[in-house]
Amino acid sequence: MANLPLLSVIIPVYNEEEGLQALFDRVYPALDALHLSYELIFINDGSRDRSGALLRQQFERRPEVTRVILLNGNYGQHMAIMAGFEQSRGERIVTLDADLQNPPEEIGKLLQAMDAGHDYVGTIRMQRQDSTWRRWASRLMNRLRERMTRIHMTDQGCMLRAYDRRIIRAISSCREVNTFIPALAYTFSANPVEIQVKHEERAAGESKYSIYSLVRLNFDLITGFSVVPLQTFSLLGMVLSVLSGLFVVYLFVRRWMLGPEAEGVFTLFAITFFLISILLFGIGLLGEYVGRIYQQVRDRPRFLIQAILEAPDASDSN
Ligand code: UDP
Ligand code: MG
């Protein structure tokens, strides 16, 4: 068996051609400075720009510590990281964004926290460098998640995190299709901790998350880890049906005592529309869960690897 590295660093890459060279220039020296054996795993998440070619070049420059996984399409950041997890061999695994928003120099700090016995090191971004609306939306989602799930994270969005091999093994055994890795890892950790890390502006390019994919991601987080929305909904349904039952009784009594009356029709409309809107939201919410079940039931492969670039002795240890 070849020597297994101590540390696996996993970086998902999606259309990052402008920033990749800057990333290489910082991440390799940062890791070399740690003086431990490491492997750097890049996952090309179906980029449509030159990212794949750049990764290939970089692999040829540092083949002993670099591995490149080329996915055959765009499966999203979390599935790309999943593919990296499955291939990783290190005792400790660190995830990182490709845009240099998470400074690679902070990895040492994460490892120190692991030395102290923690099997999961979460992070809180100091002075987060993102647009105001993103920060505001994150705060809201963090609060919502805190209430609806058992997952305690101060800052769910930061992907600079470290995991023990045991947690990665548990994560890889989950067959979930849409998931949120930091939350999943948290549920498996025995001794989690959070530390503060620096945060920088994106080195180049723009965020790969549209509003739509951010909304999707947060639905995955909430519906993937909590059935509270479904339960609140049935509670709401119960309360409302009792109230509207009473209302119907009241209307009948009025009809019986005062005879037919046309006034108040609009109030009735208002109430009806309100009930209909709740109904529609409820159906949508059901759809979220049913959709998840459907994807799970099909049991398709979660991602397809097109090729893996790695040094010859890297694969026989797997
Ligand atoms: N990413 C990915 N697949 C996607 C979207 C993003 O692999 O479909 C990667 C992206 O290349 C980056 C990381 O995930 O390394 C975080 O993306 P981004 O910086 O755009 O997110 P933000 O910082 O805006 O939350
Ligand atoms: Mg980013």
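Keep in mind it's a predicted model, so treat the numbers as computed, not measured. Residue numbers count from 1 along this sequence. When reading the values below, keep in mind they use all heavy atoms of this one structure, side chains included, and skip hydrogens, waters and symmetry mates. Atoms within a ligand are numbered from 1 in the order they appear, just like the ligands themselves.
We find that D119 and R165 are not joined by a salt bridge, their nearest charged nitrogen and carboxylate oxygen being 4.0 Å or further apart. A salt bridge links E16 with R202: the closest approach of a Lys/Arg side-chain nitrogen to an acidic carboxylate oxygen falls below 4.0 angstrom.
At a 3.5 angstrom cut-off on N or O pairs, E206 does not count as close to ligand 1.
The proximity of V13 to ligand 1, defined as any non-hydrogen pair under 4.0 Å, is limited to the backbone. Contact annotation for I43 and ligand 1: no heavy atom of the residue comes within less than 4.0 Å of the ligand. Contacts with ligand 1 closer than 4.0 Å are made by heavy atoms of both the backbone and the side chain of Q77.
Within ligand 1, the atoms closer than 4.0 Å to a non-hydrogen atom of A98 are 12 (C), 15 (O), numbered from 1 in the order shown. Atoms of ligand 1 lying under 4.0 Å from at least one heavy atom of E16, given by number and element, are 10 (C), 11 (O), 12 (C), 15 (O). Heavy-atom proximity to Q101, at under 4.0 Å, picks out these atoms of ligand 1: 19 (O), 23 (O).
Between H152 and Y186, the ring-plane angle classifies as perpendicular under the 30° and 60° cut-offs.
The protein heavy atom nearest to atom 1 (N) of ligand 1 is Y14 CB, 3.7 Å. At the top of the distance list for atom 5 (C) of ligand 1, counting protein heavy atoms only, stands K208 CB, 3.7 Å. Looking from atom 8 (O) of ligand 1 to the surrounding protein, the closest heavy atom is N74 ND2, 3.1 Å.
Distances from ligand 1 to the non-hydrogen atoms of M159 include no value under 4.0 Å.
Looking only at distances, no side-chain donor or acceptor of S51 sits under 3.5 Å from a matching main-chain atom of S47.
Here the side chains of L221 and Q156 are in contact, with some heavy-atom distance below 4.5 Å. The side-chain heavy atoms of N178 and F219, taken from C-beta on, include no pair separated by under 4.5 Å.
The six-membered or imidazole ring of F24 lies near that of F42, with a centre-to-centre distance under 6.0 Å.
Around the Mg ion (ligand 2), the angle linking D99 (OD2) with Q101 (OE1) is 100°, rounded to 10 degrees.
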